[in-house]
Amino acid sequence: MNVDHTINKTEFKKAVIYNLKISYRRTIEDATAAQMYQAVALAVKDMIIDRWIATHKEYEKQDAKVVYYMSMEFLTGRFLGNNIISLCEQEEIREALSEMGFDLNTIENQERDPALGNGGLGRLAACFLDSLATLGYPAYGCGIRYRYGMFKQKIEDGYQIEVPDEWLKDGYPFEIRRPEYATEVKFGGYVDTEWDGHRNHFVQKGYQSVLAVPYDIPIVGYGNNVVNSLRIWDAQPVNTFNLKEFDKGDYQKAVEQENLAKTIVEVLYPNDNHYAGKELRLRQQYFFISASVQRAVKKYLENHDDIHKFYEKAVFQMNDTHPTVAVAELMRILLDEQNLEWDEAWEITTKTCAYTNHTIMSEALEKWPIELFSRLLPRIYQIVEEINRRFVEQIKQAYPGDNEKIRKMAIIYDGQVRMAHLAIVGSFSVNGVARLHTEILKNEELKDFYQMMPTKFNNKTNGITQRRFLLHGNPLLASWVTDKIGNEWITDLSNIKKLAIYADDEKCQREFMNIKYQNKIRLAKYIKEHNGIDVDPRSIFDVQVKRLHEYKRQLMNILHVMYLYNQLKDNPNMDIVPRTFIFGAKAAAGYTRAKLTIKLINAVADVINNDRSINGKIKVVFIEDYCVSNAEMIFAAADVSEQISTASKEASGTGNMKFMLNGALTIGTMDGANVEMAEEVGAENMFIFGASSDEIINWENHGGYNPMEIFNSDQEIRRVLMQLINGSYSPQNPELFRDIYNSLLNTQSSDRADTYFILKDFRSYAEAEDRIDKAYRDEKWWARTAILNTASSGKFSSDRTIEEYVRDIWHLDKIKVEL
């Protein structure tokens with residue numbers, strides 16, 4: 001793959017100097033690294049703009065069909081380095097900056113990660129945007145411009161503390177404000193009908209409204225001049241400031257509109273364990289969906305006069321249930337603004353909307369109380385009620401007299417609006433995100449819907465972009481791969497299978513493991529700077545980084561560390577390969593047990609890391625504020641990837657793929673995409689353990705598992721659990737971890753014990769961890785297997801996933817952009 005370089009180093013340097021001058025009144029000699037970042041980012045943005053304009057002109061020229069990828073999260077990571085790579089100008093820009101006395105890596109590190117997402121959902125959305133642009137498909141990402149993101153995580157005394165993530169404090173150089181596309185979004189009030197001589201019109205009155213103002217961020221395709229847009233909506237008051245109220249002394253009322261708008265876009269996933277939080281979440285969802293759908297329809301009508309063919313030029317992909325109100329909002333616009341009849345509007349809507357289900361976990365299958373939904377979105381609720389009425393009629397026709405079907409499938413039932421049901425009924429496609437996950441949806445969670453409408457269901461196994469997670473995140477390995485097999489893998493990861501012929505080559509094995517060692521030194525340095533802990537890069541780096549949730553079983557991991565520590569204390573001469581256990585995770589602000597698990601990990605770390613008697617054989621590190629930019633460093637350095645969710649609970653996982661791409665070996669259950677990874681690399685090249693998804697589902701449905709039996713019969717497990725409540729890791733407060741102890745054994749609750757089968761899988765897990773210790777000693781086997789993992793990761797590119805979405809769901813045409 002040959003790419004022409006368009007940069008003129010002299011011109012680039014001039015642009016940077018000019019940006020410094022007009023932005024900061026600084027010269028190159030007295031510029032700080034932060035100022036240099038802004039100046040360089042603006043110079044790079046300038047290189048992107050012509051491509052961006054040309055791309056959108058090409059959309060219009062070809063009258064291209066566009067996918068609107070609607071997501072509450074876009075966890076993009078830093079843009080500067082990725083944009084430079086996508087422009088294929090990395091070496092030239094590195095040299096230009098070096099000649100000016102600056103290091104590109106140092107400048108990149110000045111950028112804050114945009115706080116637009118939190119976990120796998122948002123990272124997947126960002127990978128998809130990267131792939132869409134690189135493959136040349138017309139797309140918009142649609143989301144919210146959060147001012148503070150979820151939060152910035154601080155660890156104080158072992159506890160997670162949430163502080164605002166002020167990523168916009170110094171402005172964000174890559175975004176462009178588009179006030180000309182500002183859109184009004186209405187909340188509350190009531191619905192009236194008005195007769196125009198021909199028909200009744202539904203009109204929302206007495207409402208509050210905010211102005212949705214879009215900011216566009218360029219998404220640069222790799223080496224192809226295509227630049228798509230991530231459109232994130234900011235909320236602003238319709239009337240900024242009420243001077244009359246201010247003059248009367250009612251200062252609160254004067255800024256009421258402003259506060260309403262500000263609140264909507266402040267935080268990703270406001271804590272919803274109270275009513276106000278629930279209302280704010282629903283307000284956020286409708287805000288960005290209404291703005292996005294209104295704009296998509298307006299854009300279509302600028303060049304087309306037949307709204308009936310809207311679905312031929314637009315497709316709305318709803319990333320999880322958060323954007324489901326798109327179904328009802330599109331219906332509202334078609335009925336109330338375009339004056340269509342119900343059946344016409346419904347046909348257009350159900351040919352436009354598609355739904356991706358990401359989990360069977362209840363928090364993602366959202367339900368809203370009718371009282372809240374109907375009060376906040378009165379017209380939308382009327383439309384959902386009518387969709388539900390008609391759907392219930394269909395159920396009755398398909399299953400006469402079967403009220404149980406209505407109970408299970410109705411969109412509105414038992415005082416709640418079920419968003420997943422609305423998404424399924426209102427979409428032409430429903431997809432899971434790994435083969436196992438899709439089968440579980442079809443056979444368990446969404447079984448009734450699958451039986452009634454089987455043709456809607458399909459699978460699209462998730463993927464990751466190799467451009468960020470290998471080319472940018474692991475430049476040493478990326479260069480090695482290119483040296484061995486050429487650079488086609490950058491845009492076609494299936495080519496990486498050519499590496500397999502080097503797996504048995506001893507020289508290549510040494511080179512590969514030396515690269516891993518260099519990356520471990522880099523991470524060890526980061527850990528020393530941020531945690532003050534010395535870790536040995538020759539130890540096994542055993543890593544679990546992901547959102548903290550009980551089903552992901554970070555708890556099982558740390559209980560095993562406690563178990564291993566007990567063994568070492570009993571036998572200080574025990575022969576084990578030194579191991580560094582690395583954790584990184586944010587827990588949702590209101591998720592008490594997840595936050596307590598973080599405290600436990602840090603409490604165990606304090607004890608183990610300060611115990612000289614074990615001679616540093618094990619260390620425990622919790623990396624604060626896990627995000628994309630430190631993730632890139634972590635994936636590159638990991639020897640072992642912990643993918644240990646309870647089987648049947650993880651829809652897919654994408655961290656598992658990033659580790660695999662970077663040559664880490666997986667210890668995992670047969671869950672999510674782990675199943676397909678094992679098919680690609682061979683189960684013998686992973687460390688598989690634990691109960692199967694069928695066994696887990698069977699125990700959940702029929703019982704037969706009692707964790708107390710394990711507690712009573714396994715002395716070593718009992719010892720670990722007793723250490724949770726005897727002060728071993730919290731001498732000042734022995735009761736601190738009582739809730740975790742109770743959750744596993746259920747001594748004081750009517751809930752099912754050990755919901756996520758941690759004790760059931762513990763022995764199998766400990767044996768797999770022991771197999772890792774033995775395997776790592778065989779340096780040739782480990783190096784060969786690491787190379788095979790990288791060589792087998794081709795299937796897991798988001799490019800492959802996007803091509804499947806295009807083929808089966810979106811039906812887009814590629815565009816070519818010539819400059």
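Partners of Thr350 under the side-chain contact (heavy atoms from CB on, under 4.5 Å) rule, at least two apart in sequence or in another chain, are Trp346. Checked against side-chain contact (heavy atoms from CB on, under 4.5 Å), Leu168 has the following partners two or more places apart in sequence or in another chain: Arg145, Tyr172, Glu175. For Ile49, the side-chain contact (heavy atoms from CB on, under 4.5 Å) partners at least two apart in sequence or on another chain are Lys45, Trp52, Ile53, Ile176. Applying the ring-ring contact (aromatic ring centres under 6.0 Å, His included) test to Tyr148 and every residue at least two apart in sequence or in another chain returns nothing. For Tyr805, the ring-ring contact (aromatic ring centres under 6.0 Å, His included) partners are Phe128, Trp810, not counting sequence neighbours. Every side-chain contact (heavy atoms from CB on, under 4.5 Å) that Lys408 has, sequence neighbours left out, goes to Glu404, Asp448. Glu803 pairs by the salt bridge (Lys or Arg N to Asp or Glu O under 4.0 Å) definition with Lys814, not counting sequence neighbours. Tyr399 is linked by a side chain to side chain donor-acceptor pair (under 3.5 Å) to nothing, counting only residues two or more places apart in sequence or in another chain.
There is a side-chain donor-acceptor pair under 3.5 Å between Asn319 and His358.
Taking NZ of Lys65 as the start and OH of Tyr137 as the end, the distance is 12.5 Å to the nearest 0.5 Å.
Sorted by first and then second residue, the salt bridge (charged side-chain N to carboxylate O under 4.0 Å, His left out) pairs with a member in residues 200-218 read Arg178-Asp216, Asp192-Lys205, Glu194-Lys205, Asp216-Arg231; sequence neighbours excluded. Residue pairs that meet the salt bridge (charged side-chain N to carboxylate O under 4.0 Å, His left out) test with at least one member in residues 350-361, sequence neighbours left out, are Glu347-Lys351. Evaluation of the side chain to side chain donor-acceptor pair (under 3.5 Å) test over residues 409-428, restricted to residues two or more places apart or in two chains, returns none.
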| Run the ring-ring contact (aromatic ring centres under 6.0 Å, His included) check on His322 and Phe288 step by step: do they pass? | CA-CA 10 Å; His322 310 126; Phe288 93 92; 8.8 Å; no
Distance-only criterion, 3.5 Å: show the donor-acceptor pairs between side-chain atoms of residues 307-315 and protein atoms not counting sequence neighbours.
from   : atom 1 : to     : atom 2 : distance (Å)
His308 : ND1    : Asp306 : OD1    : 2.9
His308 : NE2    : Glu344 : OE2    : 2.7
Lys313 : NZ     : Asp63  : O      : 2.8

